[in-house]
Amino acid sequence: MPRKPPQFDEDKPRGFAGGGGAARFFERIFENPQNPLGWTLKMFSVWGITVRLHLITVIYLVGLLVWSIPASHMGFLFKAPALLALFGLVLLHEFGHCFACRMVGGEADRIVMLPWGGLALTQPPPHWKAHLITTIGGPAVNLLIVPVTVAALFTFGMGDVVLFNPLRPSDTLAQIHASAGAGLVAKVALWWIHAINLYLLGFNLLLVMYPFDGGRICQALLWSKMGERRAAEIATSVGLAGGVVLAGIALFTESVLLLMIALFGIGSCWLERRRLRGEIDIAAEGVGVAGGWNTSSALEEESGPSRAEVKAAEEAEREQEELDSLLEKIAANGIASLSRGERKTLDRISKKKRGE
């Protein structure tokens with residue numbers, strides 16, 4: 001489940017082992033200098049949402065542009081508009097998640113741009129409908145863009161390339177190049193916006209692999225029938241299978257991007273399954289008024305809980321939210337990203353659940 005990670009002051013570094021000029025340099029530039037997987041650069045903040053760019057994304061995009069320069073490859077004038085369109089559309093997609101989350105009463109204040117897409121860190125209310133609406137918010141933005149790009153293509157006399165073979169976009173690019181004349185770069189850019197938006201829409205809805213939109217939509221719908229935990233278990237199992245299949249397709253087609261997406265999905269599903277199993281183990285050993293993690297169901301079984309029991313249940317729920325946030329941060333950036341205080345919190349709550 002997407003949960004809001006612990007909040008940090010964007011203007012304050014969070015520690016770096018050692019000292020010296022190099023350490024201070026990394027602390028000023030990167031948000032999490034101790035963990036290379038968390039090296040992100042702040043781009044801008046708007047509407048209370050901070051957008052950060054992962055360092056690997058910068059290296060990946062520059063590498064693609066350099067690779068496109070030789071005459072035997074796509075060419076810079078074709079590749080650059082495609083990458084700009086991809087980056088902009090993914091960013092709009094992630095803003096869609098954030099605004100949808102806020103619309104249902106949740107919180108969303110952070111977007112991280114990764115080489116294989118974007119990640120909107122959101123915290124919807126704990127209800128399947130809120131999570132479903134938050135997830136649908138991203139593809140909804142792409143769906144709204146479709147009529148805009150179709151109208152623009154017809155306006156510029158490019159109605160014949162509105163429909164194209166998604167497996168062979170190079171054929172459509174060659175067609176545009178042969179008939180464009182003046183304004184070739186602008187027409188190529190317009191078509192790329194149209195095509196990539198359709199790719200993103202189809203990709204997010206058809207790839208039923210947690211934590212991508214298709215997997216989260218599946219999880220939310222299952223949640224409405226069988227509960228949050230069971231839905232998450234099924235969604236991660238389906239995601240692991242889907243990731244293996246996607247990795248096979250990536251190797252067969254020699255697509256580095258598809259392989260990165262597959263590995264990211266497999267890793268995310270695996271970490272989520274570990275998190276779920278860890279919660280189940282703690283719940284089995286845990287003590288307390290609520291008898292585990294699902295405090296609300298435990299209280300519902302009581303005919304008349306006392307004030308002390310209600311207070312204890314509320315405290316257990318608060319600790320669960322804290323632990324979920326820490327686990328989400330570990331899944332995203334590794335355990336090394338936790339501060340000393342966060343490590344103590346994690347240890348305290350875990351010991352309490354184990355009855356130590």
Side-chain angles (χ1 to χ4, degrees), residues 1-2 36-37 54 56-57 59-68 72-74 78-79 82-83 85-87 89-90 93-94 97 112-120 135-136 138-139 142 163-173 192 195-222 230-277 328 330-334:
M1 305 307 300
L37 294 178
H54 201 285
I56 297 178
T57 307
I59 298 173
Y60 179 71
L61 293 177
V62 172
L64 287 178
L65 288 175
V66 173
W67 179 87
S68 69
S72 59
H73 294 169
M74 180 179 287
F78 288 99
K79 195 70 173 182
L83 293 179
L86 177 62
F87 190 89
L89 289 167
V90 169
H93 177 98
E94 300 307 326
H97 286 306
V112 180
M113 299 298 291
L114 302 169
W116 48 85
L119 178 64
T135 303
I136 292 177
N142 299 114
L163 300 178
F164 59 94
N165 183 352
L167 300 179
R168 296 181 61 88
S170 58
D171 292 347
T172 307
L173 287 171
W192 268 128
I196 291 176
N197 185 62
L198 292 178
Y199 281 125
L200 288 175
L201 180 61
F203 178 85
N204 279 285
L205 294 181
L206 297 178
L207 186 61
V208 185
M209 183 171 68
Y210 185 91
F212 299 104
D213 292 347
R216 290 192 180 278
I217 290 173
C218 175
Q219 178 185 357
L221 294 175
L222 291 173
R230 181 57 180 159
E233 291 173 348
I234 294 176
T236 53
S237 297
V238 173
L240 285 171
V244 172
V245 172
L246 186 63
I249 295 174
L251 293 175
F252 180 77
T253 60
E254 299 182 352
S255 173
V256 176
L257 181 58
L258 280 183
L259 183 60
M260 292 175 65
I261 293 172
L263 294 178
F264 174 73
I266 292 172
S268 298
C269 290
W270 180 73
L271 288 173
E272 180 67 7
R273 284 182 67 83
R274 287 191 61 186
R275 186 182 75 85
L276 290 168
R277 290 175 179 177
E328 180 74 17
I330 293 173
N333 298 318

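Small disclaimer: the values here were computed from a predicted structure and weren't measured.
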Check: A231 main-chain N/O paired with Q219 side-chain donor or acceptor under 3.5 Å: no
Heavy-atom donor-acceptor pair, Y199 side chain to L86 backbone, under 3.5 Å: no
Compare all side-chain heavy atoms of I217 with those of V208 and state whether any distance is below 4.5 angstrom. no
Would you confirm whether H97, through its side chain, and A120, through its main-chain N or O, come within 3.5 Å as a donor-acceptor pair? no
Can you tell me how far the CD1 atom of I249 sits from the CG atom of L259, to the nearest 0.5 Å? 12.0 Å
Taking the side chain from D213 and the backbone from L205, do they hold a donor-acceptor pair closer than 3.5 Å? no
Please tabulate, one pair per line, all N/O donor-acceptor pairs under 3.5 Å involving side-chain atoms of residues 236-248, not counting sequence neighbours.
| unit_1 | atom_1 | unit_2 | atom_2 | d |
| --- | --- | --- | --- | --- |
| T236 | OG1 | A232 | O | 3.0 |
| T236 | OG1 | E233 | O | 2.9 |
| S237 | OG | E233 | O | 3.0 |
| S237 | OG | R273 | NH1 | 2.7 |

If you measure from CZ on F212 to SG on C269, what distance do you get to the nearest 0.5 Å? 8.5 Å
What is the minimum heavy-atom distance between M209 and A262, and which atoms define it? CE-CA, 4.5 Å
Work out which heavy atom in P139 is nearest to a heavy atom in L201; give both atom names and the distance. O-CD1, 3.6 Å
Rounded to the nearest 0.5 angstrom, the CZ-CG distance for R274 and L271 is 7.0 Å
Distance from T172 atom OG1 to W192 atom CH2, nearest 0.5 Å? 9.0 Å
Between atom CG of N197 and atom CG of N142, what is the distance when rounded to the nearest 0.5 Å? 4.5 Å
Are L119 and M113 packed together at the side-chain level, in the sense that at least one heavy-atom pair is separated by less than 4.5 angstrom? no
Between the main-chain N or O of G138 and the side-chain N or O of H93, is there a donor-acceptor pair closer than 3.5 Å? yes
Does some side-chain heavy atom of L258 sit less than 4.5 Å from a side-chain heavy atom of T253? yes
